[in-house]
Amino acid sequence: MRRRAGVGAIHKQKLEQEKYKDKGTEIQENQLEQMSKQMEVFRINLEKFAAKHKNEIKKNAQFRRQFTEMCASIGVDPLASGKGFWSVLGIGDFYYELAVQIVEVCLATNYKNGGLIYLDELRDRLIQARGRRKEHQEITNEDLLAAAKKLKIFGNGFSIVPLGRGRHLVQSIPGELSMDHTAVLQQASQSGNAYVSKSLLQKELRWESDRTQKALDHMVKEGLAWLDLQGEEETLYWFPSMFTACINSSS
Amino acid sequence: MTEINWPWQYSFPPFFTLQPHAETKAKQLAAWKSLTLEYYRITNQAIVDIREVHSSPLFNNVSINRKLSSDMVLVIMEELENSGYACALDKSRQRWLVYWHTLQEWGEIIYNWVRDNGFIGSVCTTFELTDGENTTDQEFHGLDPEVLVRALRTLESSNRAELIMFDDNQGVKFF
């Protein structure tokens, strides 16, 4: 006689399933616990590592870049907060210090460039102000960009304008630059002449006349561009921030 | 003649176009004021004639093909006038006297020299002051006669000097 599945068997099956489930949860919990433990160990090690190599991180630009890359790959931002265990290490301090110096250079050159400065010029001036020791001198553009990003918390008065080809402008005036304004700056920088004209922009960017004029007027209104009515064919718009003699002048 | 140390703005073409934006314009005029005074000091000149500005390398940079309009030179002169470094010589405001010290400052500089050298109470000719052997090491040596007379008048108004005209000579007595 074939035995049919009885109520007892169903119960038994259900019980087994529940046991499996329990076991599964248990294993999962174990794993999670272990993972957390591992992460904790990793965090502690990273902390120890950072503490041990604190000076190296501050002094050696190459090392610093690798360290911040490593932090980034595991989702840790050593500059994220002034609080918490990272602040104890003073890793952030290095960048905060840089950020303050960036602001100082921007303020000091504002009167001539209107609040727009090439990252390269900024770096030269900053290094000059930092003193002669090697560790003060080894500041990379990446360091400056990382530090400048922190300045965003002050609102839109401070931003980085990427120009392409690894060049950046640092803008330190209130008032956000639109895509169009950024495009104008890119054209001026790429032309290598420190100026643009309406016809050049219309040709390169395929903009309409009104749009071009509006963007140029904005640059003048913000004090970033100077008007030149003595160009051979048309009005030229010059950027002192990109004018070599201005960049090189010490005063 | 001493070389002029041209500031970067002098080679910056829009420096020669009056800027429409207020803040930029203020920076531009400030730079023009100090450059003008510096140029006039080094070349030891005192007269700006607005009708002939383009003969001056200061207002006409041939190497970048940019020059100032007469209107803009007038603006710069009026700015200098407001801070006491220039005054118009005619009613149409075309000829200007420019001085890199204010007239009061020149007055003090001259009076200090007079006092230090014991000329209080005596009469000097203006020629002695600007071209005499005693003053060769003084900043006012070779000063434009018109600027000198106007500087002495500031001393006159504070009762420290009196200008005396005789024949075609000018003299001054210090108190």
Side-chain angles (χ1 to χ4, degrees), chain A residues 107-118 121 124-125 172-175 181 184 188 191-198 200 213-251, chain B residues 2-42 50 52-76 79 83 100:
Chain A
L107 287 179
T109 56
N110 182 292
Y111 73 95
K112 62 175 190 174
N113 56 32
L116 210 54
I117 186 169
Y118 271 132
E121 185 194 348
D124 287 347
R125 289 182 183 277
S172 57
I173 43 149
H181 307 143
V184 171
S191 75
N193 293 323
Y195 69 81
V196 288
S197 67
K198 206 173 157 185
L200 178 117
Q213 194 59 56
K214 222 176 137 191
L216 287 170
D217 288 347
H218 181 84
M219 303 313 261
V220 173
K221 202 184 87 213
E222 291 293 319
L224 300 177
W226 287 49
L227 211 61
D228 177 15
L229 299 177
Q230 297 178 56
E232 269 174 40
E233 278 156 15
E234 54 178 330
T235 304
L236 303 179
Y237 296 81
W238 291 79
F239 294 90
S241 52
M242 301 178 188
F243 190 68
T244 313
C246 175
I247 292 173
N248 293 340
S249 82
S250 55
S251 61
Chain B
T2 326
E3 271 298 297
I4 312 281
N5 214 343
W6 298 107
W8 68 269
Q9 290 97 329
Y10 186 67
S11 59
F12 190 53
F15 191 49
F16 291 81
T17 295
L18 189 61
Q19 295 303 306
H21 178 58
E23 250 174 69
T24 311
K25 183 170 148 186
K27 287 180 194 172
Q28 181 189 27
L29 289 177
W32 267 115
K33 275 164 68 180
S34 62
L35 175 59
T36 304
L37 294 181
E38 176 70 1
Y39 181 86
Y40 271 70
R41 185 178 70 80
I42 287 179
I50 290 186
E52 287 170 23
V53 281
H54 293 153
S55 60
S56 163
L58 171 64
F59 300 121
N60 185 2
N61 185 347
V62 287
S63 65
I64 57 165
N65 200 20
R66 295 289 187 280
K67 55 190 172 203
L68 284 187
S69 67
S70 327
D71 288 349
M72 193 167 158
V73 176
L74 184 62
V75 172
I76 295 167
E79 286 278 321
S83 34
W100 59 95

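Per chain, numbering begins at 1; letters A, B, ... match sequence-line order.
Between the side chain of A:Gln230 and the backbone N or O of B:Phe16, at least one donor-acceptor pair lies under 3.5 Å.
Residues B:Lys27 and A:Asn110 come closest through the heavy atom pair NZ-O, 3.3 Å. Considering all non-hydrogen atoms of both residues, A:Cys246 and B:Trp8 come closest at CB-CE3, 3.4 Å. Counting all heavy atoms, side chain and backbone alike, A:Phe239 lies closest to B:Phe12 at C-CZ, 4.3 Å.
For the pair B:Pro14 and A:Phe243, the minimum side-chain heavy-atom distance is 4.5 Å or more.
Neither the backbone nor the side chain of B:Glu23 comes within contact range of chain A; no heavy atoms are under 4.5 Å apart. Within the 4.5 angstrom heavy-atom criterion, no atom of B:Pro7 approaches chain A. With a 4.5 angstrom heavy-atom cutoff, A:Glu232 does not touch chain B via any of its atoms.
Of residues 62-69 of chain B, those residues with a non-hydrogen atom less than 4.5 Å from any non-hydrogen atom of chain A are, in numerical order, B:Asn65, B:Arg66, B:Lys67.
Checking B:Gln28, B:Lys25, B:His21 one by one against A:Trp226, the side chain to side chain contact (heavy atoms under 4.5 Å, CB included) holds for a single residue, B:Gln28.
Contact count against chain B (heavy-atom pairs under 4.5 Å) is highest for A:Asp228 among A:Asp228, A:Leu236, A:Asn248.
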